[in-house]
Amino acid sequence: MAAFGALGAAGCSRVAAQGTVEGGDLLDRLRESGSVKIGIASEPPFGYIDDQGEPTGEAPEVAKVIFQRLGVDNVTPVPVEFSALIPGLKAQQFDVVSAGMYINPDRCAQVLFSDPDYLMLDSFIVPAGNPQGLRDYDDVAEQGLVLATGQAYAQIDYAEAAGVRDVLILPDQVAGLDAVLQGRAHAFAGTNVTVNGVVEGNDRVEAIEPFQPMVDGEPAYGAGGFAFRPSEKNFRDAFNEELLRIRESGELLEIVAPFGFTEAEMTDLTAEELCR
Ligand SMILES: CC1=N[C@H](C(=O)O)[C@@H](O)CN1
């Protein structure tokens, strides 16, 4: 049963049975409710729930600043597996994906992206001492080793492009650490900061030197941003305007530095370039 409300342009919005609000301009409705739902993937340091139960990480902290400036004070996290971020966005479970998702042509065919707020190299979790001497995906392919990575991660494409035949798909980096510790995979591939975060304090594993993944001889840039439903171009544009402001002023680096991001991870790349 749907009740019709007076939100947004007259007669354009309606409150559906589950209490979600549909129709009209999304940003207007978020301002009115004072709250926005962000999809996160429980992947420190990109997005996670801290010990106090609060959403934090590189992407949620950037989102908090931008939404405050857009007049939306409360950011409510919706944690899902990484592979459920785009389906969850499309199914209206949340309003924006705030998980540091890499911007690439496959994903651009499904969602709208902001410009990237960081650029990152890859790394692998390997047993301490890196017994196979791994430096990149080509080394894994040449030695016919098992490479684990996360479900729906861009790293699956990088591994396949290099000719890795045995890719073990796992829910996340914690499962990846277990797989390497138990010898089910020779390595786990992820972003440099994810991998370094998960090996910290464990002397049975290490992170290899960060490297630039290549696909068909070209660098596959790990540049992440925020994802929006294709119907929400106005919302994306308003968000992006604020993002570019803090990117240009340097405030972005101040927000993300506590999560291990440095000047080296700042970028001028655009979503348009990454979607090509
Ligand atoms: C932040 C992040 N980015 C990559 C991706 O977007 O596929 C994956 O490594 C999963 N986590």
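All ligand and atom numbering here is 1-based and tracks the order in the structure.
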Engineer: In ligand 1, which numbered atoms sit nearer than 4.0 Å to a non-hydrogen atom of A99?
Structural biologist: 1 (C)
Engineer: Short question: side chain of R236, backbone of F113 - any donor-acceptor pair under 3.5 Å?
Structural biologist: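 Yes, the answer is positive, given that a donor and an acceptor are paired below the 3.5 Å cut-off.
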Engineer: Under 4.0 Å between a Lys/Arg side-chain N and an Asp/Glu carboxylate O for E32 and R29?
Structural biologist: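 No.
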Engineer: Judged on heavy-atom distance to atom 5 (C) of ligand 1, which of R107, M120, E43 sits nearest?
Structural biologist: R107
Engineer: For A41, is the nearest heavy atom under 4.0 Å from an atom of ligand 1?
Structural biologist: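 The answer is no, since A41 has no heavy atom less than 4.0 Å from ligand 1.
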Engineer: Return the closest protein heavy atom for atom 1 (C) of ligand 1 as residue, atom name and distance.
Structural biologist: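 Among all protein heavy atoms, the one nearest atom 1 (C) of ligand 1 is G100 O, 3.3 Å.
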Engineer: If you count the atoms of ligand 1 from 1 in the order shown, which ones are under 4.0 Å from a heavy atom of A154?
Structural biologist: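 Counting atoms of ligand 1 from 1, those under 4.0 Å from A154 are 5 (C), 7 (O).
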Engineer: Out of D117, L252, L119, which residue meets the side chain to side chain contact (heavy atoms under 4.5 Å, CB included) rule with M266?
Structural biologist: L252
Engineer: Using the benzene-type ring in the case of Trp, are the ring centres of Y137 and F124 under 6.0 Å apart?
Structural biologist: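 Ring-ring flag for Y137/F124: true, centres closer than 6.0 Å.
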Engineer: Quick one: are the ring centres of Y158 and Y153 less than 6.0 Å apart?
Structural biologist: no
Engineer: Would you find more than 12 non-hydrogen atoms of other residues, nucleotides or ligands less than 6.0 Å from F261 atom CZ?
Structural biologist: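 For F261, atom CZ is crowded (more than 12 foreign heavy atoms under 6.0 Å).
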Engineer: On a heavy-atom basis, I'd like to know which of Q155, M101, Q173 is closest to atom 4 (C) of ligand 1.
Structural biologist: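 When every heavy atom of Q155, M101, Q173 is considered, Q155 comes closest to atom 4 (C) of ligand 1.
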Engineer: Using a strict cut-off of 4.0 Å, indicate which atoms of ligand 1 neighbour a heavy atom of T191.
Structural biologist: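 Taking each heavy atom of T191 in turn, ligand 1 has 2 (C), 3 (N), 9 (O) under 4.0 Å.
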Engineer: Answer side chain, backbone, both or neither: which part of Y153 comes under 4.0 Å from ligand 1, heavy atoms only.
Structural biologist: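 Near ligand 1, Y153 shows its backbone as well as its side chain.
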